[in-house]
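Here is the structure we will look at.
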Amino acid sequence: MSFPMHASTSGWAGWWYSSCHWLCVKLYFDKVRIRGAERLPDAGPVLYLGLHRNGAVDGFIYHQLMPKGVFLVSTQLRRSLPGRLFFCGIEVAREKDDAAAGGNVAALHACTDLLANGGELAIFPEGTSSLGPRHLPFKSGAARVALAALRLGVPLRIIPLGIHYERAWVFRSRVEVVIGEPVDMDFSANPSEHGKLNELKRRISRALENVGVNFSSASEQEMAERLAFAATLGTGRGYFESLKALEAGVPSRLSEGLAEISKSRLLDFQGVPLFPGKPWIFYLLLLLLLGPLALAGVLFNLPPLMLAWFAARRLADGKNVISLWRILVGVPLGLVWAGVMLLLIGWLHGLAGMAAYLFFTVAALKCFRRVMKLCVAVWNGAFSPAMHGPAWRFHAEVLNHLSGK
């Protein structure tokens with residue numbers, strides 16, 4: 001069987017999807033950090049297996065690592081014209097989509113054919129996404145595709161990918177993608193196909209758990225995420241690195257310490273009360289400088305921002321698809337709005353007015369997150385100065401604990 005989706009991942013179509021996903025990531029997220037980039041292969045055949053957290057948005061971010069990669073995508077994502085404008089790949093039906101199983105067999109053959117021709121394939125072994133405390137059960141489809149490629153003599157490499165959002169549903173959040181060690185493909189000790197399949201599934205599971213984190217409960221996960229974010233403040237620590245150090249359990253003294261500080265009704269950013277460092281006046285001056293820029297950019301583009309927020313509020317059925325709906329609605333509307341604004345401002349105020357609109361819009365995107373943090377820190381510093389010392393001592397305690405891991 002020939003691979004049926006080359007047209008959607010090459011030429012003008014390939015340029016469209018690469019550009020679309022790049023733009024979505026740049027507009028919605030503040031920063032995407034890559035851990036272990038040296039493990040990325042230069043070319044295929046390679047099978048990327050990604051943890052699935054934040055709906056189809058995961059694919060937008062993973063696509064930045066593998067611009068030539070072809071994704072196994074749910075048929076539901078391409079049922080409408082807007083869906084086809086954002087998503088491409090080999091279509092497969094999930095169990096809850098109630099599609100004929102024969103279509104999935106054809107899709108798996110297409111995956112094998114792609115790898116046999118030296119391509120790069122990306123699969124989410126969980127099948128669907130969840131922001132819960134543990135990964136969902138891994139399906140066997142990825143392992144079956146890999147073994148089918150090996151039977152054809154394909155020199156396949158399997159690369160596990162983890163993705164970690166500071167706040168997956170929040171505009172201008174930060175993200176870390178972790179590239180794991182390649183999965184061992186030596187099966188000399190398992191001559192039977194059944195034995196190879198079971199062993200490969202175990203290896204894939206271990207590899208994905210190494211680039212992910214699992215917690216005992218949602219409350220444990222929430223506390224670990226707050227502490228991991230706190231550990232990144234003013235340090236070079238990575239968010240995933242800090243999360244992983246808390247995977248075995250959050251010490252009671254840290255959870256109780258954060259709860260005690262939070263009792264003081266301080267403002268927080270991503271669940272963590274912030275305070276200005278020294279000199280305090282520097283934070284205030286920086287807020288007075290950047291705040292008007294961010295506010296102007298937001299006000300100039302308020303309609304698409306509000307419509308994106310409203311669409312997610314009405315259409316999202318879980319936190320793991322809030323960002324997706326905001327992007328699907330906000331990005332097209334934002335581009336149309338920007339075009340109209342540029343034409344209108346250009347007609348009224350010429351090139352200088354157009355340049356000013358672009359400046360405030362870009363400045364707002366660049367400094368929005370920092371302004372939010374500054375607002376929290378300056379407010380707490382001004383109205384709760386007595387908590388400054390305890391908050392900074394708690395931050396030092398978090399770092400001391402994680403440094404000992």
Side-chain angles (χ1 to χ4, degrees), residues 16-34 54-65 85-86 163-177 229 232-233 239 269-270 274 283 285-313 316 322-346 349 351-378:
W16 165 260
Y17 288 112
S18 294
S19 301
C20 175
H21 296 169
W22 176 86
L23 183 62
C24 289
V25 171
K26 288 295 183 182
L27 291 178
Y28 194 79
F29 295 101
D30 179 73
K31 183 178 292 186
V32 178
R33 292 176 174 171
I34 312 300
N54 200 19
V57 175
D58 292 342
F60 297 162
I61 296 174
Y62 283 142
H63 198 184
Q64 311 309 300
L65 310 180
L85 289 175
F86 279 91
I163 192 163
H164 305 278
Y165 300 83
E166 290 185 359
R167 282 290 187 273
W169 57 93
V170 173
F171 179 58
R172 303 306 287 171
S173 173
R174 288 188 172 180
V175 191
E176 280 192 8
V177 179
F229 167 65
T232 67
L233 297 171
Y239 181 66
F269 181 83
Q270 297 185 179
L274 304 182
Y283 287 75
L285 292 175
L286 191 59
L287 176 59
L288 293 175
L289 173 65
L290 298 181
L293 296 180
L295 181 60
V298 168
L299 291 177
F300 277 135
N301 297 280
L302 191 59
L305 290 172
M306 291 301 297
L307 287 171
W309 174 85
F310 180 76
R313 186 175 178 86
I322 289 176
S323 290
L324 176 62
W325 280 111
R326 286 177 177 171
I327 288 173
L328 294 183
V329 173
V331 170
L333 287 180
L335 293 176
V336 172
W337 174 264
V340 171
M341 286 291 288
L342 285 172
L343 290 175
L344 180 61
I345 293 174
H349 302 288
L351 291 177
M354 297 171 69
Y357 169 76
L358 289 175
F359 170 77
F360 285 115
T361 299
V362 174
L365 285 173
K366 291 292 185 181
C367 66
F368 180 84
R369 175 187 168 93
R370 175 166 289 187
V371 167
M372 296 300 291
K373 292 172 66 178
L374 285 169
C375 285
V376 171
V378 170

**Message:** Measuring from atom CG of L374 to atom CG of L286, what distance do you get when rounded to the nearest 0.5 angstrom?
**Reply:** 5.0 Å
**Prompt:** Do P332 and V336 touch side chain to side chain, with heavy atoms closer than 4.5 Å?
**Reply:** no
**Request:** Please examine the side chains of N54 and I163, heavy atoms only from C-beta on, and report whether any two atoms are closer than 4.5 Å.
**Result:** no
**Request:** Might you point out which heavy atoms bring V177 and L65 nearest each other, and give the distance in Å?
**Result:** CG1-CD1, 3.4 Å
**Heavy-atom closest pair, residues C20 and F86** = SG-CD2, 3.6 Å
**Asked** Roughly how far, to the nearest 0.5 Å, is the CG atom of L328 from the CG atom of L333?
**Response** 11.0 Å
**Asked** Under 3.5 Å, is there a donor-acceptor pair between the side chain of S323 and the main chain of A168?
**Response** yes
**Request:** Count the heavy atoms belonging to other residues, nucleotides or ligands that lie under 6.0 Å from CH2 of W169, then report whether that count exceeds 12.
**Result:** yes
**side chain to side chain contact (heavy atoms under 4.5 Å, CB included) evaluation trace for R369 with F269** = CA-CA 10 Å; R369 175 187 168 93; F269 181 83; 4.0 Å; yes
**Asked** Are side-chain heavy atoms of L23 and L335 found at a separation under 4.5 Å?
**Response** yes
**Message:** Looking at Q270, is its backbone amide N or carbonyl O close enough to the side chain of R167 to form a donor-acceptor pair, meaning the two atoms are under 3.5 Å apart?
**Reply:** yes
**Prompt:** Would one find more than 12 heavy atoms of other residues, nucleotides or ligands at under 6.0 Å from atom CZ of R172?
**Reply:** yes
**Request:** Please test N301 against T361 for side chain to side chain contact (heavy atoms under 4.5 Å, CB included), starting from the C-alpha separation and ending with a verdict.
**Result:** CA-CA 8 Å; N301 297 280; T361 299; 3.1 Å; yes
**Of F29, Y28, W16, F60, the residue whose pairing with H21 passes ring-ring contact (aromatic ring centres under 6.0 Å, His included)** = F60
**Asked** Below 4.5 Å, heavy atoms only, C-beta onward: do V25 and Q64 meet side chain to side chain?
**Response** yes
**Prompt:** Rounded to the nearest 0.5 Å, how far does CG of L85 lie from OH of Y17?
**Reply:** 6.5 Å
**Item:** Residue pair L342 / L358, side-chain heavy-atom distance below 4.5 Å
**Value:** yes
**Message:** Ring-plane angle category for F300 and Y357, please: parallel below 30°, perpendicular beyond 60°, tilted otherwise.
**Reply:** perpendicular
**Residue pair F171 / I327, side-chain heavy-atom distance below 4.5 Å** = no
**Prompt:** L274 and L233: side chain to side chain contact (heavy atoms under 4.5 Å, CB included), yes or no, with the steps?
**Reply:** CA-CA 9 Å; L274 304 182; L233 297 171; 3.5 Å; yes
**Request:** Check the pair K31 / E166 against side chain to side chain contact (heavy atoms under 4.5 Å, CB included), numbers first and verdict last.
**Result:** CA-CA 11 Å; K31 183 178 292 186; E166 290 185 359; over 6 Å; no
**Request:** Indicate the atoms forming the closest heavy-atom contact of L293 with A364, along with that distance.
**Result:** O-CB, 4.2 Å
**Asked** Has the side chain of R326 got a donor or acceptor atom that lies under 3.5 Å from a matching backbone atom of L307?
**Response** no
**Asked** Do Y62 and D58 touch side chain to side chain, with heavy atoms closer than 4.5 Å?
**Response** yes
**Prompt:** If you draw a 6.0 Å radius around CE in M341, do more than 12 non-hydrogen atoms from other residues or ligands fall strictly inside?
**Reply:** yes
**Message:** Restricting to non-hydrogen atoms, name the atom on C367 and the atom on A294 that form the minimum distance, rounded to 0.1 Å.
**Reply:** SG-CB, 4.0 Å
**Asked** Once you round to the nearest 0.5 Å, how far does CD of E176 lie from OG1 of T232?
**Response** 8.5 Å
